[in-house]
Amino acid sequence: MKVGVLALQGAYAAHAACLRSLGAEAREVRTPADLAEVDALVLPGGESTTMSMLLASAELFEPLAERLADGLPALGTCAGMILLGAEILDGRADQRCLGAVDISVRRNAFGRQIDSFEADLAVDDLEGGPFRAVFIRAPFVERAGPDVEVLATVDGHPVLCRQGTVTVAAFHPELSHDLRLHDHFLKGI
Ligand code: GLN
């Protein structure tokens with residue numbers, strides 16, 4: 001099982017390290033050929049406007065949308081959540097999303113960089129107590145469609161959701177020294 005990490009921009013190296021420490025074969029994905037070789041994909045945090053642009057210039061946007069439509073398991077965190085959603089609120093006009101999860105995601109919903117924070121999340125499905133989550137200029141989900149499971153919220157706003165084999169988190173699990181979400185993702189592939 002080869003697990004790709006979209007490595008165009010952002011926090012991809014930390015995700016790859018988490019996956020490797022769980023025994024997975026992590027591969028950095030930068031080209032359509034890289035994408036074709038992986039069985040699952042992590043879309044990291046970073047800057048969703050830049051990633052949207054780089055996905056287009058790398059000619060990865062369409063092949064990735066097709067793989068997702070065919071059921072590619074994916075984990076998107078922060079900017080990765082924005083990219084995997086169906087609608088972006090407060091996005092840039094030219095910014096695109098992949099529509100793998102039926103959610104409307106508001107960018108920078110908790111405020112600016114200075115409003116970044118950590119929170120102990122009660123996560124449905126995760127054993128072993130709350131998950132310490134790091135939110136960095138994070139989005140939240142403003143609308144979740146009927147097929148979307150909401151697994152955790154902050155102040156009533158969904159921040160961890162799943163639809164089929166795609167999980168999206170508004171926070172950065174790769175920064176928490178807690179591998180449970182990555183482990184859960186790998187077990188679901
Ligand atoms: N604010 C960023 C965006 O809109 C996301 C921040 C992050 O990934 N930590 O893309």
Side-chain angles (χ1 to χ4, degrees), residues 1-20 22 24-32 34-88 91-92 95-108 133-141 148 151 158-176 179 181-186 188-189:
M1 193 72 79
K2 294 170 195 138
V3 184
V5 182
L6 186 66
L8 299 174
Q9 190 265 338
Y12 57 86
H15 274 291
C18 290
L19 296 167
R20 287 184 187 122
L22 287 164
E25 184 181 341
R27 297 268 189 105
E28 292 181 359
V29 170
R30 295 192 177 82
T31 65
D34 296 337
L35 178 64
E37 292 206 350
V38 299
D39 305 296
L41 187 69
V42 175
L43 289 81
E47 180 49 53
S48 59
T49 53
T50 307
M51 268 190 246
S52 166
M53 212 171 65
L54 293 174
L55 277 171
S57 61
E59 297 186 354
L60 266 172
F61 195 95
E62 310 302 341
L64 177 52
E66 274 170 34
R67 287 291 307 273
L68 289 164
D70 287 345
L72 178 75
L75 170 66
T77 65
C78 204
M81 168 192 251
I82 297 168
L83 286 169
L84 284 168
E87 185 188 16
I88 303 171
R92 245 179 46 176
Q95 163 170 26
R96 297 173 69 195
C97 55
L98 293 151
V101 181
D102 184 18
I103 50 174
S104 302
V105 185
R106 186 169 297 282
R107 290 181 64 221
N108 307 331
V134 180
F135 291 83
I136 303 171
R137 210 151 65 93
F140 63 57
V141 171
V148 177
L151 304 175
V159 293
L160 181 65
C161 296
R162 181 172 57 211
Q163 182 173 350
T165 54
V166 181
T167 301
V168 286
F171 51 93
H172 282 258
E174 79 285 4
L175 298 180
S176 291
L179 296 173
L181 273 184
H182 290 88
D183 190 42
H184 199 268
F185 173 62
L186 291 174
I189 296 172

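Heavy atoms only: backbone and side chains are in, while hydrogens, waters and symmetry mates are out.
A heavy-atom distance below 4.5 Å is not found between the side chains of Met51 and Leu43. For the pair Pro32 and Leu60, the minimum side-chain heavy-atom distance is below 4.5 Å. Using a 4.5 Å heavy-atom cutoff, the side chains of Leu19 and His182 are in contact. By the 4.5 Å heavy-atom criterion applied to side chains, Leu181 and Phe171 are counted as neighbours. Side-chain contact between Leu41 and Leu68: absent, with no pair of heavy atoms (C-beta onward) separated by less than 4.5 Å. Val141 has its side chain within reach of Met81: a pair of non-hydrogen atoms, C-beta onward, lies under 4.5 Å apart.
Between the CG atom of Asp39 and the CD1 atom of Ile189 there is a distance of 7.5 Å, given to the nearest 0.5 Å. Distance SG/Cys161 to CG/Leu151: 7.0 Å, rounded to 0.5 Å. Note: Arg107 CZ to Ile88 CD1 = 7.5 Å, rounded to the nearest 0.5 Å. Here the CD1-CG distance, from Ile82 to Asn108, works out to 7.0 Å after rounding to the nearest 0.5 Å. Atom CD of Glu174 sits about 3.5 Å away from atom NE2 of His15, to the nearest 0.5 Å. The line from CG of Leu8 to OG of Ser52 is 10.5 Å long, rounded to the nearest 0.5 Å.
The nearest pair of heavy atoms linking Ala58 to Arg30 is CB-O, 3.8 Å. The two residues Thr50 and Gln9 make their nearest non-hydrogen contact at CG2-CG, 4.1 Å. Across all their heavy atoms, Leu72 and Thr165 have their closest contact at O-OG1, 3.9 Å. Here the shortest heavy-atom pairing between Ala170 and Pro139 reads CB-O, 3.1 Å. The two atoms that bring Ala79 and Ser48 nearest to each other are CB-N, 3.6 Å, heavy atoms only. Counting all heavy atoms, side chain and backbone alike, Cys78 lies closest to Ala138 at SG-CA, 4.1 Å.
With salt bridges taken as basic N to acidic carboxylate O contacts below 4.0 Å, one links Glu62 and Arg96. Salt-bridge check for Arg137 with Glu47: passed, with a basic side-chain N closer than 4.0 Å to an acidic carboxylate O.
The closest side-chain donor-acceptor pair between His184 and Thr167, if any, does not fall under 3.5 angstrom.
No side-chain donor-acceptor contact under 3.5 Å links Asp183 to the backbone of Leu179. Side-chain atoms of Arg27 never come within 3.5 Å of backbone atoms of Val38 as a donor-acceptor pair (strictly under, hydrogens ignored). Of the possible donor and acceptor atoms, one in the side chain of Thr77 sits under 3.5 Å from a partner among the backbone N and O of Gly45. At least one donor-acceptor pair closer than 3.5 Å links the side chain of Gln163 to the backbone N or O of Asp102.
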**OP:** Quick one: do Leu175 and Ile136 satisfy side-chain contact (heavy atoms from CB on, under 4.5 Å)? Show the steps, please.
**Re:** CA-CA 11 Å; Leu175 298 180; Ile136 303 171; 3.8 Å; yes

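Around atom CD of Glu59, no more than 12 heavy atoms belonging to other residues, nucleotides or ligands sit under 6.0 Å away.
Residue Val101 forms a side-chain contact (heavy atoms from CB on, under 4.5 Å) with just one option from Val105, Ile103, Leu98, and that option is Ile103.
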